[in-house]
Amino acid sequence: MRPILVTSALPYANGSIHLGHLVEYVQTDIWVRFHKIRGRNCLYFCADDTHGTPIMIRARNEGITPEALVERIYVEHKTDFRDFLIGFDHYHSTNSEENKILSEEIYLANRKAGHIHTASVMQAYCAKDGIFLPDRFIRGSCPSCGALDQYGDSCEVCSATYSPLDLNEARCSLCGTPPEERESEHYFFNLSNFESFLKEWTHSGALQVQMANKLSEWFNEGLKAWDISRDGPYFGFEIPDAPGKYFYVWLDAPVGYMAASWSYFKQHGIEFDRYWRQPDQVEVYHFIGKDILYFHTLFWPAMLKGAGFRTPTGVFAHGFLTVNGQKMSKSRGTFITARSYLQQLDPEYLRYYYAAKLGKGVDDIDLNLDDFIQRVNSDLVGKVVNLASRTAGFIHKHFQGQLSRDYPEDRGLFKLFLDEMKTIAEFYHEREFARAMRAIMNLADHANRYVEEKAPWTLARDNHLKELQETCTVALNLFRLLMVLLHPVLPSMAEKTRVFLNLQDMNWTATLLPITDTVIQPFRPLMQRVDPKKVAAMVAASMEETPPSAHSAPSPVPVLPVATEKRVDEKPSESQTIDMDSFMAVDLRVAKVIQAETVTGADKLLRLVLDVGPLGVRNVLAGIRSAYMPEQLLGRLVVLVANLQPRKMKFGVSEGMVLAAGDGAGGLFLLSADSGAQPGMRIK
RNA sequence: GGCGGGGUAGCUCAGUUGGUUAGAGCAACGGAUUCAUAAUCCGUGUGCCGGGGGUUCAAGUCCCCCCCUCGCUACCA
């Protein structure tokens, strides 16, 4: 079996770990632990994602350096993960030497291969703060509905999307200064160069079907070049040969997977290239949330491919977390951090509950707190722990902790369990944890039924000691198998079980033999039931916590920054020649603007009513509001594409298109016909 | 607005290529039991399978329309 390398997405070093993040880390950790206890060579890596404007700003607000902030968060994250029993082999940081070296290497290799180009970009710039402002750092009133204090990219009230430069009364959210437009040279990664490779890769079985389908939507829309640079000051790595330009945080974030492993390999004498250059040697899997699919299934494999590295064997996406059926919310107290959870509750409750909900798909999962209490108590305490609790007493009371010399007749239960374990192993491997948990609890029911029917309390009363000892030996053996099965989910309880039963380990080997003729420890509660009061206390405490800053917006998923800046691609598209017929297929006409008006709710459109002579009157929605006032268009002659398929839009049907020149960045210039031309004349 | 995923018992969810009286766990209710962290065991479901049409001998499962919900995406024509 080839070794496997597994990662979870890197949490952003701008905030605390919360229950939404933990879905992914718990899911990955269970999968990794499963493979490990079955003896497979498996390594699990992760790191803090440390770069970008939000980190820089937060550090500035706190009056510390970004490095100091990142270091502090690193310790916090690491502690949270440790306490949730997430067993990384190494937890690293993207702000590391390894990451810098690898990011540069990947960039330079791609540049050498011709996958990088530059282009000019218009962006909002705050002169006072001296930085280019990401969309989320600009606030103003929505140009569409007028709602106050909205982000620069979309309106939370009417859900309109727009450019930050279109906001009314736009202000830098840091200092309140109105931003100015400024041009800057940016570096782009030519994603479209990888289209055929990506199409092949995404259908190679590396992805879940739902994900592959989503990908084909993106392919249909066309792959766009990716803006990978940001202007300084920016907390990140400076781009080689480009002073003042930095890698966009999303460029070096996934490289963090490699950097983390490299750091580990150096300490353990493992060859880096074996893992990252030779796809036939090792399997590489990334666990991610479905929100960052784009980065992991397009940019990331393309970057790796372009730089001559191997690509991932699989990318597994999961859904979002809701709490009590709704988005996590601070006002409802359901935005719960890892730490507030731990202050009240046992991490294994949550690990089990998530396991009981998770499948291989990308569906969202719901943490219903009442269900959580019932489910954990009933399954873990009532069924599993109870099995040991109800039989161990007899073993100590009557046999000084000694199990039967030989494994007794057990109605075939031990064998049944072993057989079922094969199915359950398959479930684990397929990430069908919910099915696995159901199958395990079904076995627990079998075991409890056995105890019920043998009625050891009656055997004790009637002094049938041999049978009593045998019955309890069987029950404890079944309990042990259950705990081996649950080991990936409940590592701490598995360890307590190991001590309790005096076992060498709790591994899941192919040849599990019954334990007999041995002395076990006195039973001690292996898990306390969930106390509803503590759950309530946790919610209450989460309700009191006010958001530390406006920028850590609540989100049900691991949040990483997303590129949203507008960009201008200077590179002319590959122009092919067309024949005369193709050109003549376009029916261009002179048209006269007889009416022009703004469109309510649309900040880029003008509604034009055009006189096209013999063709009648046309209604056209044109995206030219940024350059023209309606009044100045009245009576003007323009060029109309008359046979364009009518387009139904949110604001009505557009029956054609008026031609204008523009580079997408700044100006927009309508074409017109010389005086003397008449509406409806054909242009050719 | 467009695209995609959902909508199945009080709760959380399964339901294979359409085929017998639609399932599981938890909760609830009735009974048993008392070894066990008020745990366990037996028994109990009149669920318009979101609504309405349609195809079919037969539809939760296929087709069309609508409603609700979540996500992505849109001011471009």
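The structure displayed is predicted, hence computed values, not measured ones. A, B, ... follow the sequence lines: proteins, then strands. Residue 1 opens every chain.
- The listed nucleotides are B/U37, B/C13, B/G25; the one nearest the side chain of A/D366 is B/C13.
- A/Y450 places its OH atom 20 Å from the C1' atom of B/C42, with the value rounded to the nearest Å.
- For the pair A/D364 CG and B/U12 P, the interatomic distance rounds to 13 Å; values are reported in whole Å.
- Of the candidates B/U37, B/G15, B/C11, B/G15 carries the atom nearest the A/R435 side chain, counting heavy atoms from C-beta on.
- When heavy atoms are screened at a 4.0 angstrom cut-off, A/P525 is found touching base atoms of the nucleic acid.
- Between B/C26 and A/K383, a contact under 4.0 Å exists linking OP1 or OP2 to a side-chain N or O.
- Across B/A38 and B/A27, the matching P atoms stand 14 Å from one another, rounded to whole Å.
- Counting non-hydrogen atoms under 4.0 angstrom, A/V385 reaches a base of the nucleic acid.
- One finds a side-chain N or O of A/R449 lying less than 4.0 angstrom from the OP1 or OP2 phosphate oxygen of B/C42.
- Spacing between atom CZ of A/F394 and atom C1' of B/A36 amounts to 8 Å, rounded to whole angstrom units.
- A salt bridge is absent between A/K357 and A/D366: the closest approach of a Lys/Arg side-chain nitrogen to an acidic carboxylate oxygen does not fall below 4.0 angstrom.
- Distances shown here put every side-chain N or O of A/R375 at or beyond 4.0 Å from the OP1 or OP2 atom of B/U12.
- Using a distance-only test at 3.5 Å, with no hydrogens or angles considered, a donor-acceptor pair links the side chain of A/H396 to the main chain of A/Q521.
- Between A/L526 and A/A444, it is A/L526 whose nearest contact on RNA chain B lies nearer the 5' terminus.
- Neither side chain, A/Y450 nor A/D410, offers a donor N or O lying under 3.5 Å from an acceptor on the other.
- Atom-to-atom, CZ of A/F372 to C1' of B/C26 comes out at 14 Å; the value is rounded to the nearest Å.
- A donor atom on one side chain and an acceptor atom on the other are not found under 3.5 Å apart for A/R375 and A/N368.
- Using atom C1' as the reference point in both B/C13 and B/G7, the two lie 13 Å apart (nearest Å).
- Within 4.0 Å of A/L358, counting heavy atoms only, lies no atom of the nucleic acid at all.
- With rounding to whole Å, A/L608 atom CG is found 17 Å from B/C75 atom P.
- Residue A/R438 places no side-chain N or O under 4.0 Å from the OP1 or OP2 atom of B/G23.
- Base pairing of B/C48 is not made with any nucleotide, judged by Watson-Crick or G-U wobble geometry with both donor-acceptor distances under 3.5 Å.
- Across every strand in view, B/A24 sits in a pair with B/U12 that passes the Watson-Crick or G-U test at under 3.5 angstrom.
- Note: A/F433 and A/Y428 have tilted aromatic rings, judged against thresholds of 30 and 60 degrees for the angle between ring planes.
- Base-pair partner of B/G43: B/C29 (Watson-Crick or G-U wobble, both distances under 3.5 Å).
- Panel note: side chain A/R351, backbone A/L490; no donor-acceptor pair is recorded below 3.5 Å.
- When heavy atoms are screened at a 4.0 angstrom cut-off, A/N448 is found touching the sugar-phosphate backbone but no base atom.
- Figure legend. B/U61 is base-paired to no nucleotide; pairs are counted as Watson-Crick or G-U wobble with both atom distances under 3.5 Å.
- The separation between A/N442 atom CG and B/G23 atom C1' is 14 Å, rounded to whole Å.
- In this entry the distance linking CG of A/N368 with P of B/G25 reads 19 Å, nearest Å.
- Each of A/E452 and A/T458 was matched to the nucleotide of RNA chain B holding its nearest heavy atom; the match closer to the 5' end belongs to A/T458.
- The residue A/G393 sits apart from the nucleic acid: no heavy atom pair falls under 4.0 Å.
- Put simply, CG on A/D363 is 14 Å from P on B/G71, counting in whole angstrom units.
- Using the Watson-Crick or G-U wobble rule with both distances under 3.5 Å, B/U69 pairs with B/G5.
- Here B/C35 sits opposite no nucleotide as a Watson-Crick or G-U wobble pair (both hydrogen-bonding atom distances under 3.5 Å).
- Comparing B/A32 with B/A39, their C1' atoms sit 15 Å apart, to the nearest whole Å.
- Base contact: A/M527 has a heavy atom under 4.0 Å from a base atom.
- The line from OH of A/Y349 to CD of A/Q528 is 6.5 Å long, rounded to the nearest 0.5 Å.
- Taking atom P in both B/A59 and B/A22, one finds a spacing of 13 Å when rounded to whole Å.
- No engagement by A/K290 is indicated, since no non-hydrogen atom pair under 4.0 Å with the nucleic acid exists.
- Distance check on atom P: B/C41 versus B/C26 gives 8 Å, rounded to whole Å.
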